[in-house]
Participant: 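One structure follows; several queries about it will come next.
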2 protein chains.
Amino acid sequence: MVTMRDVSRAAGVSSATVSRVLTGSAEVDPATRQRVLDAVRQLDYRPNLVARGLRRQVSQVLALVVTDIENPFYTAVCRGVEDAARLKGYSVILCNADRDIDKEREYLRVVADQNASGVVISPASAQNTDIGALVARGIPVVAVDMPLEQAAGSVLVDNRAAAAMATRHLLAGGARRIACITGPSDNATASDRLDGYMRALHEAGRPVDPELAIYSNYRESGGYEATNRLMDLADRPDALLVTNNRMIVGTLRALQSRGVSIPDDVNVVSFDELPWALELHPHLSMVRQPGYLIGQKAAELLIERLASPTTPQHIVMEAELIAKDGRARTPSSAI
Amino acid sequence: MVTMRDVSRAAGVSSATVSRVLTGSAEVDPATRQRVLDAVRQLDYRPNLVARGLRRQVSQVLALVVTDIENPFYTAVCRGVEDAARLKGYSVILCNADRDIDKEREYLRVVADQNASGVVISPASAQNTDIGALVARGIPVVAVDMPLEQAAGSVLVDNRAAAAMATRHLLAGGARRIACITGPSDNATASDRLDGYMRALHEAGRPVDPELAIYSNYRESGGYEATNRLMDLADRPDALLVTNNRMIVGTLRALQSRGVSIPDDVNVVSFDELPWALELHPHLSMVRQPGYLIGQKAAELLIERLASPTTPQHIVMEAELIAKDGRARTPSSAI
DNA sequence: TTGTAAGCGTTATCAA
DNA sequence: TTGATAACGCTTACAA
């Protein structure tokens with residue numbers, strides 16, 4: 001490995017001067033500078049980032065801890081974080097917590113030990129995710145998808161507004177009995193979405209039938225079961241709001257197997273990206289969270305905080321409704 | 001931050017002894033040992049991995065460079081790599097090259113500068129991907145999905161065999177004119193698959209009609225166009241082999257818009273995971289590469305090589321055919 | 001403008 | 001069995 005010392009010898013200067021040239025931390029005589037740069041080029045020298053990290057006590061490495069890398073929404077977030085980080089000269093360590101709070105905790109530890117400069121996280125749980133170790137070490141954390149105490153910031157959509165928007169869309173389409181399948185009751189995002197659904201019904205002067213509001217598991221199996229349960233009701237719903245992309249797969253499967261057609265028999269709005277299936281289901285409406293932008297913004301926010309720590313900043317992004325016919329595209333704030 | 005020095009003071013020993021206890025690099029008196037461990041616990045000390053990395057010259061960090069993180073196949077690979085690495089105490093830096101050879105090159109540089117212990121990569125190109133810098137630094141590289149010169153190993157499926165298997169499946173189902181839509185001609189994987197298709201036709205004594213073999217772009221748009229082109233032929237194919245998961249979305253869309261039904265009008269086999277859509281298209285057969293296992297195996301192979309570098313090892317995994325009715329599940333080697 | 005030297009937090013060598 | 005001490009490759013006071 002070629003070190004700074006090698007370069008300094010080749011250029012006939014001290015390694016301090018090489019460092020100054022490379023980091024631009026101080027003025028260097030143009031001629032000397034040129035000699036150093038020539039030597040760098042000639043030897044194909046590249047600074048050792050580990051040594052630099054140790055000395056500077058910062059690593060130019062961000063960590064991204066996601067709940068579920070197989071979910072296309074988080075994949076999009078991931079790309080956003082990565083692109084924004086790269087643009088600012090940061091690398092990204094990806095950690096897939098796999099909806100496992102212990103795995104998440106372990107990752108957060110390692111990330112702290114590796115002296116990551118900052119962390120973007122989609123928390124496994126608003127209550128149980130513990131970023132104490134990071135905060136103690138002064139490593140700032142930005143939360144996405146779900147708020148987090150102690151975070152230096154967050155980037156979220158207004159889940160209530162988004163769900164309300166979706167519900168209104170169904171009402172406007174003539175739906176009379178709208179059901180909502182949401183995630184676990186202890187999941188902040190899931191309950192916010194349910195809340196938005198209820199609020200929209202209230203506003204429209206519609207009754208909220210408890211039979212039609214189902215807490216499920218954010219998985220395909222849950223969507224499948226919940227949908228079957230709803231379709232078995234004597235008084236069937238004529239519209240469904242399904243609050244995540246994994247459950248919608250179960251829903252679609254259930255409807256398909258029962259020969260229920262969208263949108264003729266029931267109208268359906270789903271949540272989150274499902275890029276492949278969406279193309280193939282022209283009648284499925286969806287609330288789309290701007291995953292890429294969320295990730296991008298989160299990384300930018302994080303990097304800003306590294307430069308100048310201030311008070312926590314919470315950014316609310318806009319979800320858009322992609323209506324089944326592909327016409328209406330409304331940001332949630334417009335409602 | 002609490003350092004080893006703090007622990008050593010608290011335990012009344014030298015930091016060398018603390019290091020010995022923590023790494024188990026030498027015998028330590030049990031009593032001393034206990035005092036050290038107590039101090040570690042009390043102070044909640046955790047070794048600084050950057051300092052350790054600098055001193056030891058190895059980082060316990062692997063890098064994973066993937067071509068396209070939004071492709072579910074690579075997502076699966078990613079999970080496999082991550083789980084296997086974690087199990088062995090390695091962290092994983094994820095780099096999404098986004099099918100961009102320059103981005104890939106840049107990532108490989110940074111990864112080398114960060115002293116990654118090893119790299120798993122799905123190369124953007126068999127010819128142009130340059131791992132010279134890594135090899136020069138002695139950082140071993142394991143390739144997945146596509147072979148790579150100079151790599152310390154590879155984990156691939158036998159793409160020829162897999163495509164041949166798919167083609168035979170279509171023949172067995174009574175297909176008489178089978179078309180193949182494959183990726184770019186300069187893509188090793190794409191041409192291998194086309195090759196397998198042709199071989200199976202030859203073996204069956206069927207003619208290969210050049211009109212029916214289309215090089216496309218591995219993207220949805222390509223699948224869409226190619227399918228339309230095929231369906232516009234005077235002598236239409238009655239079966240389609242589509243060699244990747246993004247193109248199949250285009251194919252399905254094209255068929256859907258033309259009212260062509262699967263499997264009644266054309267039988268279709270696709271390649272690679274498409275988890276969401278598959279559930280919803282019960283008549284779509286597919287060749288499934290074991291993405292998770294490939295990733296897992298690649299990481300294991302890489303970590304082995306770190307311990308004892310030997311000659312390159314090339315592992316061939318088995319692709320399975322998931323037939324449209326969900327019955328037949330045949331490993332490709334059985335053919 | 002440049003060089004010397006100390007130090008980031010570990011680990012490895014060498015004595016004791 | 002343990003402790004000094006010198007690296008690892010870089011940055012940054014402080015001197016010159």
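Everything quoted here is computed from the prediction, not taken from an experiment.
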Participant: Which is true for A:S19 with a 4.0 Å heavy-atom rule: it touches a base, it touches only sugar-phosphate, or it touches nothing?
Facilitator: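 Base contact.
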Participant: Is it the case that the base of C:dT10 and the side chain of B:R55 share a donor-acceptor contact (distance under 3.5 Å, atom types as modelled)?
Facilitator: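 Such a pair does not exist between side chain and base.
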Participant: Would you classify B:V50 as touching base, sugar-phosphate or nothing, given that sugar-phosphate means primed atoms plus P, OP1 and OP2, and contacts are heavy atoms under 4.0 Å?
Facilitator: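 No contact.
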Participant: Considering only side-chain heavy atoms of A:Y45, which listed nucleotide, C:dG3, C:dG9, D:dC10, is closest?
Facilitator: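 Nucleotide nearest to A:Y45's side chain: D:dC10.
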Participant: One thing to verify: whether B:D272 and B:R246 come together as a salt bridge, which I'm taking to mean a side-chain N less than 4.0 angstrom from a carboxylate O.
Facilitator: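 Result for this pair is no, no salt bridge flagged.
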Participant: Quick check on DNA chain D: between B:D29 and B:Q57, whose nearest nucleotide comes earlier from the 5' end?
Facilitator: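 First, find each residue's nearest nucleotide; the 5'-ward one identifies B:D29.
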Participant: Return the value, rounded to whole Å, for the distance between atom CZ of A:R35 and atom C1' of C:dT2.
Facilitator: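 In whole Å, C:dT2 C1' lies 11 Å from A:R35 CZ.
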Participant: Please determine whether a side-chain nitrogen of the Lys or Arg among B:R41 and B:D38 lies less than 4.0 Å from a carboxylate oxygen of the Asp or Glu.
Facilitator: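 Not counted as a salt bridge, because no side-chain N and carboxylate O are separated by less than 4.0 Å.
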Participant: Separation of B:R137 atom CZ from D:dG9 atom P, in whole Å?
Facilitator: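 Computing the B:R137:CZ to D:dG9:P distance gives 10 Å.
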Participant: Quick one: does A:S59's side chain have a donor or acceptor within less than 3.5 Å of a partner on A:G53's backbone?
Facilitator: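 Not confirmed, A:S59 side chain does not pair with A:G53 backbone.
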Participant: At a heavy-atom distance below 4.0 Å, what parts of residues 106-115 of chain A sit against DNA chain C?
Facilitator: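 Heavy-atom contacts with DNA chain C come from no residue of residues 106-115 of chain A; none.
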Participant: Tell me, please, which residues at least two apart from A:D44 pass side chain to side chain donor-acceptor pair (under 3.5 Å).
Facilitator: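 Expected list: none.
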Participant: Between B:A26 and A:R56, just flag the one whose closest nucleotide in DNA chain D comes earlier from the 5' side.
Facilitator: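 Mapping each residue to its closest nucleotide by heavy atoms, the 5'-most match is B:A26.
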Participant: How close or far is atom P of D:dT12 from atom CE of A:M4, stated in whole angstroms?
Facilitator: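 Going from A:M4 (CE) to D:dT12 (P), I get 10 Å.
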Participant: Quick one: OG on B:S14 to CZ on B:R9, what's the gap to the nearest 0.5 Å?
Facilitator: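 Here the interatomic distance stands at 12.0 Å.
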Participant: Whether B:R137 and B:D113 form a salt bridge (side-chain N of Lys/Arg under 4.0 Å from carboxylate O of Asp/Glu) is what I want to check.
Facilitator: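 Here B:D113 pairs with B:R137 in a salt bridge, since their nearest N and O are under 4.0 Å apart.
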Participant: Of A:A51 and B:T23, whose closest DNA chain C nucleotide lies nearer the 5' terminus?
Facilitator: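 Looking at DNA chain C, the more 5' nearest nucleotide goes with A:A51.
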Participant: Indicate, with a heavy-atom threshold strictly under 4.0 Å, whether B:S25 touches base, sugar-phosphate, or nothing.
Facilitator: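 Contact class for B:S25: none.
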Participant: D:dG9 C1' sits how many Å from A:M1 CE, rounded?
Facilitator: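 The distance from CE of A:M1 to C1' of D:dG9 comes to 8 Å, rounded to the nearest Å.
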Participant: Looking at C:dG3, does its base get a donor-acceptor pair with the side chain of A:R20 below 3.5 Å?
Facilitator: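 Answer is yes: a donor-acceptor pair is held.
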Participant: So, B:Y292 versus B:D83: side-chain donor-acceptor pair below 3.5 Å or not?
Facilitator: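 Indeed, the side chains of B:Y292 and B:D83 share at least one donor-acceptor pair under 3.5 Å.
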